[in-house]
Amino acid sequence: MILDLDIGNTLSKWRLKDAESSEIRSRGAVWTREEWRPGADIPDLDVVEAVRISSVARAAVLDETVTLLRRQVRHVYVARSTPEALGVVNGYEEPGRLGVDRWMGALAGYQLAGGCCAVDCGSAITIDFVLPGGVHLGGFIIPGLRLMKESLKLGTRNVAIDPESEADALLEPGRRTVDAVNHGIYMAAVSAINRIYSEVCDQQGVALPVLLTGGDARVVSRGVQVPHAVWPDMVYGGLEASFPLTFAERAGKMSGAPRVPEPVSLEKIRAGLAFSMLL
Ligand SMILES: Nc1ncnc2c1ncn2[C@@H]1O[C@H](COP(=O)(O)OP(=O)(O)O)[C@@H](O)[C@H]1O
Ligand SMILES: CC(C)(COP(=O)(O)O)[C@@H](O)C(=O)NCCC(=O)O
Ligand SMILES: [K+]
């Protein structure tokens with residue numbers, strides 16, 4: 001079995017993948033914390049022959065985790081942000097400083113779709129751009145839905161936006177604190193994504209497919225106007241592409257990859273942008 005780990009600021013996600021069949025056998029998530037307890041937090045390591053890790057937690061957390069895993073697992077692969085990989089050139093002035101989850105997302109997105117806009121809706125919402133030739137432009141970082149809500153300290157943190165709620169309902173003015181906050185942060189997030197996408201496509205003269213991932217991807221998806229696909233396993237896709245182990249991975253297949261969304265035309269994006277400027 002292969003154990004894939006995606007350690008975010010809030011949640012540490014894991015999945016077990018069959019090295020022979022490439023099937024996903026199980027998955028889970030625990031709150032990101034200082035220490036891992038195999039068996040309780042993550043599956044028993046007896047069945048694991050390789051681990052692949054993407055981590056944005058503090059370096060000490062990653063070091064602890066790797067030390068623990070190396071005692072029991074033969075192959076431990078740790079993803080790093082590099083100046084270039086798999087045809088993508090990292091846009092950061094200091095490439096190693098780009099969050100490795102963003103780098104994994106950019107690599108997965110490029111492998112799947114060519115140029116793309118990769119949006120990761122987790123503790124932070126990150127919006128990264130890769131051009132069709134593989135140039136990563138860099139990106140944007142805003143607080144995620146949960147962080148925005150907590151920062152207000154209005155006692156609404158525990159009432160999450162219902163992922164089933166219609167985007168239309170979320171666009172109405174709230175008539176109690178919890179709705180005012182939830183609708184407000186939702187609008188802040190989706191309008192930033194819609195606007196940033198249009199601005200960058202306009203600047204670069206190219207309409208890019210949009211891929212969404214992260215814990216809030218599904219609810220954010222309802223408010224993103226441009227065609228897009230939700231890909232919960234996008235960070236794992238970057239791990240698969242960076243450290244291919246199974247037959248399918250060596251052939252370039254990434255688990256759970258969606259169909260590439262057909263972007264709207266650049267003319268339409270520009271018309272939308274021009275219209276919003278007039279308002
Ligand atoms: N079951 C859940 N438990 C915790 N957070 C959730 C859950 N479902 C959705 N979320 C949202 O997803 C965010 C965490 O998403 P994730 O992509 O795992 O973040 P990170 O990678 O930063 O740890 C939380 O901030 C919260 O807004
Ligand atoms: C921006 C992030 C905090 C997002 O992390 P996440 O919300 O997925 O936990 C992470 O990618 C990070 O720590 N990046 C380093 C700074 C940067 O990318 O510029
Ligand atoms: K994120």
Side-chain angles (χ1 to χ4, degrees), residues 4-15 27-34 36 41-42 53-62 65 78-83 88 90-109 117-130 136-152 156-165 170 178 181-182 184-186 188-190 192-193 196 210-223 230-239 256:
D4 289 321
L5 279 178
D6 170 11
I7 304 179
N9 280 294
T10 304
L11 289 176
S12 296
K13 283 75 64 184
W14 61 266
R15 68 172 197 188
R27 47 172 88 232
V30 292
W31 298 112
T32 296
R33 63 170 102 103
E34 304 298 307
W36 284 86
D41 294 339
I42 52 174
I53 308 175
S54 162
S55 171
V56 296
R58 288 192 306 112
V61 177
L62 178 61
T65 308
V78 179
R80 307 269 175 212
S81 294
T82 55
V88 183
N90 191 322
Y92 259 34
E93 289 168 9
E94 295 183 63
R97 294 204 181 266
L98 176 70
V100 71
D101 54 348
R102 299 171 60 191
W103 185 233
M104 292 297 104
L107 297 183
C117 169
V119 182
D120 188 335
C121 309
S123 312
I125 296 173
T126 58
I127 306 160
D128 278 90
F129 291 87
V130 185
H136 168 249
L137 296 173
F140 300 78
I141 304 175
I142 58 177
L145 296 179
R146 191 186 166 99
L147 268 184
M148 282 199 248
K149 188 142 66 165
E150 286 180 359
S151 69
L152 287 169
T156 55
R157 57 181 287 180
N158 291 324
V159 189
I161 297 173
D162 176 4
E164 302 303 320
S165 46
L170 289 168
V178 65
V181 168
N182 276 335
I185 60 171
Y186 186 73
V190 299
I193 295 168
I196 286 168
V210 178
L211 298 164
L212 295 189
T213 193
D216 288 317
R218 216 156 277 287
V219 66
V220 166
S221 158
R222 292 167 181 263
V230 176
W231 185 6
D233 280 5
M234 187 153 76
V235 172
Y236 291 139
L239 287 173

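First listed ligand is number 1; within each ligand, the first listed atom is number 1.
Closest to atom 21 (O) of ligand 1, if we only count protein heavy atoms, is Lys13 NZ, 2.9 Å. Atom 8 (N) of ligand 1 has as its closest protein heavy atom Gly215 O, 4.2 Å. Ranking the protein heavy atoms by distance from atom 3 (C) of ligand 2 puts Asn9 ND2, 3.4 Å first. In terms of protein heavy-atom proximity, atom 14 (N) of ligand 2 is closest to Gly99 CA, 3.3 Å. Scanning the protein heavy atoms around atom 22 (O) of ligand 1, the nearest turns out to be Ser123 OG, 2.4 Å. When hydrogens are left out, the protein atom nearest atom 1 (C) of ligand 2 is Thr126 CG2, 3.7 Å; that is the closest non-hydrogen contact. From the protein, the heavy atom lying nearest to atom 25 (O) of ligand 1 is Arg146 CD, 3.0 Å. The closest protein non-hydrogen atom to atom 7 (O) of ligand 2 is Ala124 N, 2.8 Å. Looking only at protein heavy atoms, the nearest one to atom 27 (O) of ligand 1 is Asp216 OD2, 2.7 Å.
Note on ring orientation: taking the six-membered ring where Trp is involved, the planes of Tyr92 and His136 are tilted (angle from 30° to 60°).
Protein heavy atoms are found inside the 4.0 Å sphere centred on atom 18 (O) of ligand 1.
Angle O(Asp120) to the K ion (ligand 3) to O(Ala124), rounded to 10°: 60°.
For Leu11, heavy-atom contacts with ligand 1 shorter than 4.0 Å involve the backbone as well as the side chain. Contacts of Asp101 with ligand 2, taken as heavy-atom pairs under 4.0 Å, involve the side chain alone. Contacts between Ile125 and ligand 2 below 4.0 angstrom, taking non-hydrogen atoms only, are absent altogether.
Side-chain contact between Leu170 and Arg222 is absent, with no heavy-atom pair separated by less than 4.5 Å. A 4.5 Å side-chain heavy-atom check between Asp233 and Arg15 finds at least one atom pair inside the cut-off.
Side-chain polar atoms of Tyr236 and Arg27 form no donor-acceptor pair below 3.5 angstrom.
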